[in-house]
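This chain uses plain numbering: 1 for the first residue, then up along the sequence.
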Amino acid sequence: MPHLALYTFGVLKSPLADPAPLTREFYDIGEAVYREIGQHPGYLAHAEAADGDRGSHFDLDWGAWGEFVVPTWYGKGRTAETTALAATLSLWTGLRPAFDAIYTGLHRAALNRRYDWFERAAHPNYVFWWVSDDAIPTWQDGVSRLEHLHDHGSAPHAFTFHHSFAPDGTPTRGADGGWRGPCAGPRQGVRGGG
């Protein structure tokens, strides 16, 4: 059974090393969100630095998740003192578990505060794609898919909740155009963000 890969990317208003209260708050809630999501049904794994270090994303050993790269539109720093981004790469059993984890609990609360921490962007901030059950997506895969989504819109190769696809490439939308999860219930009122 294929797994669902999810890459997220956002540009922070201030560098991760900034000692300001909002930056500390982002770190604190981020750690709690990861703990909660890691316990969520359908969650499989996420990219973690091989040595557990918290240095610059660009200098860490990410093991099988590959070298850390960012979209072409990221124009801020790349050192431990200047990096101003948040990126995640994770694996899920399907769209419904990912949706439930992202739009409930602590992550939902964090989404409600995202503009306190992140710059508003004209680019998508997340992308999904299907991988074989033995594959580990890389950071490069995530960046390539996010840039493809930005340039071409949702397709089986790179998609969003609102315009999603099943592993066989068929759209998972109802007649009204809204996302229908595996349990084809009422239209979900979700647009883009994440």
Next on the checklist: Tell me the closest heavy-atom pair linking L4 and A98, and the distance in Å.
Outcome noted: CD2-CB, 4.3 Å
Checklist entry - Salt-bridged, K76 to E119, with N to O below 4.0 Å? => result yes
Item to check | Derivation and outcome, ring pair (Phe, Tyr, Trp, His ring centres under 6.0 Å), residues F161 and F128 | outcome: CA-CA 8 Å; F161 277 123; F128 287 114; 4.7 Å; yes
Checklist entry - Do we get R145 above Y7's six-membered ring, with its NZ or CZ under 6.0 Å from the centre and within 45° of the axis? => result no
Checklist entry - Do the side-chain N and O atoms of S144 and D141 include a donor-acceptor pair separated by under 3.5 angstrom? => result no
Checklist entry - For the residue pair W73 and H123, does the interplanar ring angle fall in the parallel (under 30°), tilted (30 to 60°) or perpendicular (over 60°) class? => result parallel
Checklist outcome for this item: For P124 and L149, the nearest pair of non-hydrogen atoms, with its separation, is CB-CD2, 3.7 Å
Next on the checklist: I'd like to know if Y34 and L16 are part of one continuous hydrophobic network [Ile/Leu/Val/Met/Phe/Trp/Tyr, side-chain heavy atoms within less than 4.5 Å].
Outcome noted: no
Next on the checklist: Give me the atom names and distance for the closest heavy-atom approach of P71 to L146.
Outcome noted: CG-CD2, 4.0 Å
Item to check | Separation between NE2 of H107 and CZ of R114, rounded to the nearest 0.5 Å | outcome: 9.5 Å
Checklist entry - What distance separates I37 CD1 from D100 CG, expressed to the nearest 0.5 Å? => result 11.5 Å
Next on the checklist: I'd like to know whether the aromatic ring centres of W129 and F159 sit less than 6.0 Å apart in this structure.
Outcome noted: no
Checklist entry - At what distance, to the nearest 0.5 angstrom, does CH2 of W117 lie from NZ of K13? => result 11.0 Å
Checklist outcome for this item: For G77 and F58 the tightest heavy-atom approach is O-CE1, 4.1 Å
Next on the checklist: Give me the atom names and distance for the closest heavy-atom approach of A64 to T138.
Outcome noted: O-CG2, 4.0 Å
Checklist entry - So how far is it from L111 CG to Y103 OH, rounded to the nearest 0.5 Å? => result 6.0 Å
Item to check | Euclidean distance, R78 CZ relative to L85 CG, rounded to 0.5 Å | outcome: 9.0 Å
Next on the checklist: As an exercise, state the distance from NE2 of H46 to CH2 of W65, rounded to the nearest 0.5 Å.
Outcome noted: 8.0 Å
Item to check | Residues in salt bridge (charged side-chain N to carboxylate O under 4.0 Å, His left out) contact with D133, at least two apart in sequence or another chain | outcome: none
Item to check | Any residue meeting salt bridge (charged side-chain N to carboxylate O under 4.0 Å, His left out) with D116, in chain and number order, not counting sequence neighbours | outcome: R113
Checklist entry - What are the two closest heavy atoms between W62 and F68, and how far apart are they? => result NE1-CB, 3.5 Å
